[in-house]
Every structure is written in structure tokens, then in C-alpha cells.
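To keep things clear, I will list the structure first and then write my remarks on it.
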Amino acid sequence: MFKPKSPEITSTPVSLDSLNFTLLPISLNITLGVDVTVKNNNYAAFKIRTTNTSLYYHGILVGEASVDPRVVSARSTSTLNTTVDVDVATMMTSGSFLSDMASGSLPFTSETVTSGKVIVLNAFKLHATVDVSCDVGVSLFNASTNTVCNTTIHV
């Protein structure tokens, strides 16, 4: 009953918070939303120390965001929300940028790492790090995203 359990971490599909795209002259601004839900089944609080999100375009880092430390109460659920502003100038250095723009689809990879710990009765400690990796396709023409995520928990 009091033995610490791993938190259940899930990621919702990456959302497109804003997309401003014009062809002439070429202009592009993108903001993506990343939500990670933490379900704490323990009888003690889960203290989240860090949550960092990195966004890559063809392996090039084009955005980063962090979430402030927080506590997920015992036997409760909390959602960590963050937005990532995409550095389009850095994206343009990729040799694939023009062909991706012409196809109307931009491929991104989102990496979110959350680490924290649970302490039960000041005796049992469980440290957990959760990696959420998402492949994200952003459609320029209909302003939508297609997301596939994988979650790995390290205890």
C-alpha cells in the first residue's frame, strides 16, 4: 500500500497554437502546444523537479520550453502545459526547408523530459524520469497537426 509506484505519464497530441503563413512574400510563424499529463497513484505527493521540451526540425533544434517545478498531490492528476515558439530562421538553414514548404507539410520531433520523486513516510523513495518523444507533422494548408508519441519511464 505504501510502496512507491511509478507515475503514469501520457502525452496528448501536440497542438498547433498558432500558424501564420503567407506565400508572397514568404512569411511563417509557428507556435506549438505540448501537454503532458501526470497521474500520481501514490499515497504521497510526486514532486516534479524539471520538465523540458525541445523541438527539432530534421535534427536541428528550433525551439525549447520549460515548465516550472510543481507538486502532483497524492492520488491525483495534473497536466503540464507549455508552448514552443519555432525559430523559423534556424529552420531555413535546413536543406529540406524549401521542399517541405512546397509540399505543405513540416516534420518536427518533440522531446519532453520530466523528472521528479515520490517519498512515502520518509522511508521509501522513488525517483522517476519520463521521456516523451513525438513525431509531429504540421500541415501548412489546413493548419493542423498529426502526432505520434512514445513514452519511456526510467525508475
Side-chain angles (χ1 to χ4, degrees), residues 5-42 45-73 75-118 127-155:
K5 302 171 188 75
S6 295
E8 293 177 24
I9 311 286
T10 55
S11 179
T12 59
V14 173
S15 64
L16 187 60
D17 286 359
S18 72
L19 172 66
N20 299 314
F21 171 61
T22 58
L23 282 173
L24 296 172
I26 292 180
S27 174
L28 179 65
N29 292 309
I30 303 172
T31 302
L32 297 175
V34 179
D35 297 338
V36 176
T37 301
V38 179
K39 182 177 180 184
N40 181 14
N41 292 320
N42 291 289
F46 180 65
K47 298 176 184 177
I48 298 173
R49 292 188 303 254
T50 60
T51 300
N52 297 310
T53 297
S54 300
L55 188 69
Y56 298 91
Y57 173 74
H58 291 291
I60 301 169
L61 182 65
V62 294
E64 291 182 291
S66 297
V67 175
D68 292 331
R70 65 180 66 196
V71 175
V72 180
S73 301
R75 308 199 50 82
S76 69
T77 301
S78 179
T79 301
L80 312 175
N81 306 354
T82 188
T83 57
V84 179
D85 292 321
V86 178
D87 182 357
V88 177
T90 302
M91 284 177 59
M92 293 172 77
T93 64
S94 169
S96 302
F97 182 72
L98 290 178
S99 61
D100 287 343
M101 289 289 289
S103 73
S105 180
L106 301 174
F108 293 97
T109 302
S110 167
E111 300 283 341
T112 301
V113 179
T114 302
S115 64
K117 67 179 177 178
V118 173
H127 294 269
T129 300
V130 181
D131 299 322
V132 180
S133 176
C134 299
D135 291 324
V136 183
V138 175
S139 174
L140 298 175
F141 300 124
N142 63 5
S144 65
T145 62
N146 181 23
T147 307
V148 176
C149 295
N150 294 311
T151 302
T152 306
I153 299 177
H154 308 279
V155 182

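Just so it is clear, the structure is predicted and the values come from calculations on it, not from any experiment. Below, all heavy atoms of this structure are taken into account, side chains as well, without hydrogens, waters or symmetry copies.
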Tell me, do [X] and [Y] make a side-chain contact under 4.5 Å, heavy atoms counted?
X: S54; Y: N52; answer: no
X: R49; Y: P69; answer: no
X: V86; Y: F108; answer: yes
X: N40; Y: S73; answer: no
X: L28; Y: M101; answer: yes
X: N29; Y: S18; answer: no
X: T51; Y: V36; answer: no

- Query: Can you check whether V72's main-chain N or O pairs, donor with acceptor, with S78's side chain at less than 3.5 Å?
  - Reply: no
Any chance you could measure [X], atom [atom1], to [Y], atom [atom2], to the nearest 0.5 Å?
X: T109; Y: H58; atom1: OG1; atom2: NE2; value: 9.0 Å
X: T31; Y: D85; atom1: OG1; atom2: CG; value: 4.0 Å
X: L106; Y: M91; atom1: CG; atom2: CE; value: 4.5 Å
X: T90; Y: L55; atom1: OG1; atom2: CG; value: 11.5 Å
X: L32; Y: T82; atom1: CG; atom2: OG1; value: 11.0 Å
X: R75; Y: K39; atom1: CZ; atom2: NZ; value: 8.5 Å

Of T37, D35, I48, the one forming a side chain to side chain contact (heavy atoms under 4.5 Å, CB included) with L80 is I48
With a 3.5 Å cut-off and sequence neighbours excluded, list the donor-acceptor pairs that the side chains of residues 129-142 form with protein atoms.
{"unit_1": "D131", "atom_1": "OD2", "unit_2": "H154", "atom_2": "NE2", "d": "2.9"}
{"unit_1": "S133", "atom_1": "OG", "unit_2": "E111", "atom_2": "OE2", "d": "3.0"}
{"unit_1": "S139", "atom_1": "OG", "unit_2": "N142", "atom_2": "OD1", "d": "2.7"}
{"unit_1": "N142", "atom_1": "OD1", "unit_2": "S144", "atom_2": "OG", "d": "2.8"}

